[in-house]
Every structure is written in C-alpha cells, then in structure tokens.
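One structure below.
These values consider heavy atoms only, across backbone and side chains, with no hydrogens, waters or symmetry-generated copies.
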Amino acid sequence: FAVIWKTYTIVSGDSYYRINAYSEYYFITSPVVFLVRLFGVGAGSELDASSHGISNTIIYEYHGRNIYLGIGEGCSGLYSAGLFFSAFLAFVLVRYRRVDRHILAALGLGFALTWLSNILRMVITILVGSIWGHPALVFVHSYLGILIFVAFVIVFWMLIVRWLDKVEKRHDPSAKIRAASTPQEA
C-alpha cells in the first residue's frame, strides 16, 4: 500500500493525508453510513480534508442527539489489510513456493473479506453506540472489534488453505507425497 500511495503522491502532487482521507471516506465511511441507515439509525458523514487530523466523521443519533464519531487512520482497516497481506503472502510463499492465479484469487478474496470484516466491525460498533451509548461503543470498539477481524481471518484461512491444498494436489501429484511427509498436529 505504501508504494501505491507514495507513487500516487509523487505523480499527482497530492498529499498522503488527502489521499488517505478520500480513500477512507469512499471505501470505509460511506459504506458504513449506508449500512447503518439500513438498520434504521439516522446517520450521516462528513469529509474535511483541508487540514491534518481526523478527516472523516460519522454522525449518528443517540436518544435524539447527534453524536460525532471521528474515524481515525487506525479505524480505517488499512493496517488490518496490510497485516493480512503480509501474513498471507509469507504463508503461501513458504507453503506453496509460488504465486499463481489461484493464490492471487485467494489474496483478492482475502482483501475483500478483510474490508468486509472492517465494515461489519464499524457498523456493529455504531449500532451498539446508537442503542446503548458511548461507553458501550468504546467497549465494542476496543475489545470486540479485533475479535471480529480475527474471526474472519481464521475462518477465511481455514477454508482457503483447504481449497489451495486441493488445487495443489490436482495440479501436482507429488504434492500428496509432500503433504503426507509434513508433520500433522494431533
């Protein structure tokens, strides 16, 4: 991501801050507000890329009052996506020793699910805040949010490794021998 952002910054002359602000707004904040509204919660969003700091704000209703929730860079899910990408790429390079169309498809699906888990995490956090208030929102954000991401990654990882192993066995008969010689956990 850093290479893409830096290249865009150099080519466009735009600041990293503004690029981040717009990408967070259109890829994170707007979908979250859309889904929160589907659940019947009055919500809106604001983008202010004119200065440094929190540029994305979600406004939601709690007992007839508007609550302003700043969406920081750490909340955007960019770090989670980077962590997922690094871990998955390292894993497939060690286990399969190649990157092919199946692995690229798995990586793309993983990115989509990482994004979806972050959207789900934020929607749940705001829904909790709109029902039980700010202390409940902080609890969900601080403790349950990471559990949602970890649950998505664990389920994805289990399913995708099973699929990639099947693809490996279909395309490489010697993979059965390698798989059989790999120590299995009890």
Side-chain angles (χ1 to χ4, degrees), residues 1-5 20 23-39 41 56 58 69 71-132 136-186:
F1 291 120
V3 172
I4 294 169
W5 267 202
N20 240 16
S23 64
E24 288 170 2
Y25 184 77
Y26 290 108
F27 290 110
I28 306 297
T29 304
S30 294
V32 167
V33 168
F34 174 78
L35 291 172
V36 166
R37 285 179 180 161
L38 285 180
F39 283 98
V41 175
N56 286 285
I58 293 177
L69 180 66
I71 307 301
E73 197 172 306
C75 300
S76 68
L78 292 176
Y79 297 132
S80 300
L83 178 65
F84 167 80
F85 177 80
S86 300
F88 188 76
L89 192 58
F91 173 78
V92 297
L93 288 175
V94 168
R95 185 172 180 117
Y96 304 107
R97 293 182 171 83
R98 71 177 187 290
V99 176
D100 61 10
R101 64 186 171 97
H102 297 102
I103 289 172
L104 290 175
L107 185 60
L109 180 61
F111 268 130
L113 289 176
T114 299
W115 173 79
L116 183 63
S117 74
N118 188 54
I119 298 296
L120 179 65
R121 175 187 68 84
M122 291 181 68
V123 167
I124 290 170
T125 301
I126 293 170
L127 291 175
V128 165
S130 72
I131 296 167
W132 292 291
L137 179 141
V138 170
F139 177 81
V140 168
H141 180 269
S142 298
Y143 300 109
L144 299 181
I146 190 67
L147 294 178
I148 293 169
F149 171 71
V150 169
F152 264 80
V153 169
I154 288 171
V155 170
F156 168 79
W157 214 283
M158 289 171 46
L159 295 174
I160 211 69
V161 167
R162 185 176 293 154
W163 176 69
L164 287 172
D165 284 350
K166 285 180 184 177
V167 168
E168 175 87 357
K169 288 177 185 174
R170 259 195 328 236
H171 292 11
D172 184 6
S174 66
K176 291 179 184 177
I177 297 168
R178 280 198 309 269
S181 66
T182 305
Q184 300 293 320
E185 292 183 27

**Message:** List the residues meeting side-chain contact (heavy atoms from CB on, under 4.5 Å) with Val161, not counting sequence neighbours, and say none if there are none.
**Reply:** Phe91, Arg95, Tyr96, Trp157, Asp165
**Prompt:** If only atom types and distance count, is the side chain of Trp163 paired as donor or acceptor with the main-chain N or O of His102 below 3.5 Å?
**Reply:** no
**Item:** Asn118 side, atom CG; Ile28 side, atom CD1 - distance, nearest 0.5 Å
**Value:** 5.0 Å
**Complete:** All heavy atoms of Leu137 vs all of Gly129, minimum pair found to be CB-CA, 3.8 Å
**Message:** Is there a side-chain contact between Ile124 and Leu144 in this structure, where contact means two heavy atoms from C-beta onward sitting under 4.5 Å apart?
**Reply:** no
**Request:** Determine whether Leu83 and Thr114 make a side-chain contact, defined as any pair of heavy atoms from C-beta on separated by less than 4.5 Å.
**Result:** no
**Request:** Would you mind reporting whether Val128 and Phe139 have side-chain heavy atoms less than 4.5 Å apart?
**Result:** no
**Prompt:** At their closest point, which heavy atom of Leu113 faces which heavy atom of Phe152, and how far apart are they?
**Reply:** O-CD2, 3.8 Å
**Request:** Would you confirm whether Ser30, through its side chain, and Tyr25, through its main-chain N or O, come within 3.5 Å as a donor-acceptor pair?
**Result:** yes
**Complete:** Across all chains, not counting sequence neighbours, the side-chain contact (heavy atoms from CB on, under 4.5 Å) partners of Val138 are His134, Ser142
**Request:** Could you tell me which non-hydrogen atom of Ile148 sits nearest to which non-hydrogen atom of Ser117, and how far apart they are?
**Result:** CG2-O, 3.8 Å
**Message:** Suppose the criterion is salt bridge (charged side-chain N to carboxylate O under 4.0 Å, His left out): which pairs have a residue in residues 113-130, not counting sequence neighbours?
**Reply:** none
**Message:** Looking at every heavy atom in both Ile71 and Ile58, which two are closest together, and how far apart are they?
**Reply:** CD1-CD1, 3.8 Å
**Prompt:** Which atoms form the tightest heavy-atom contact between Val32 and Met122, and what is the distance?
**Reply:** CG2-CB, 3.7 Å
**Prompt:** Atom CG of Leu89 and atom CG of Leu104: how far apart are they, to the nearest 0.5 Å?
**Reply:** 9.0 Å
**Worked verdict on Arg97 versus Glu168 for salt bridge (Lys or Arg N to Asp or Glu O under 4.0 Å)** = CA-CA 11 Å; Arg97 293 182 171 83; Glu168 175 87 357; over 6 Å; no
**Complete:** Output for pair (Leu116 CG, Phe111 CZ), nearest 0.5 Å, gives 14.5 Å
**Message:** Return the CZ to NZ distance between Arg170 and Lys166, rounded to the nearest 0.5 Å.
**Reply:** 9.0 Å
**Message:** Would you say that Met158 contacts Val155 through its side chain, given a criterion of any heavy-atom pair below 4.5 Å between the two side chains?
**Reply:** no
**Request:** Locate the shortest heavy-atom distance separating Phe88 from Ile103; write the atom from each residue and the value.
**Result:** CE2-O, 4.0 Å
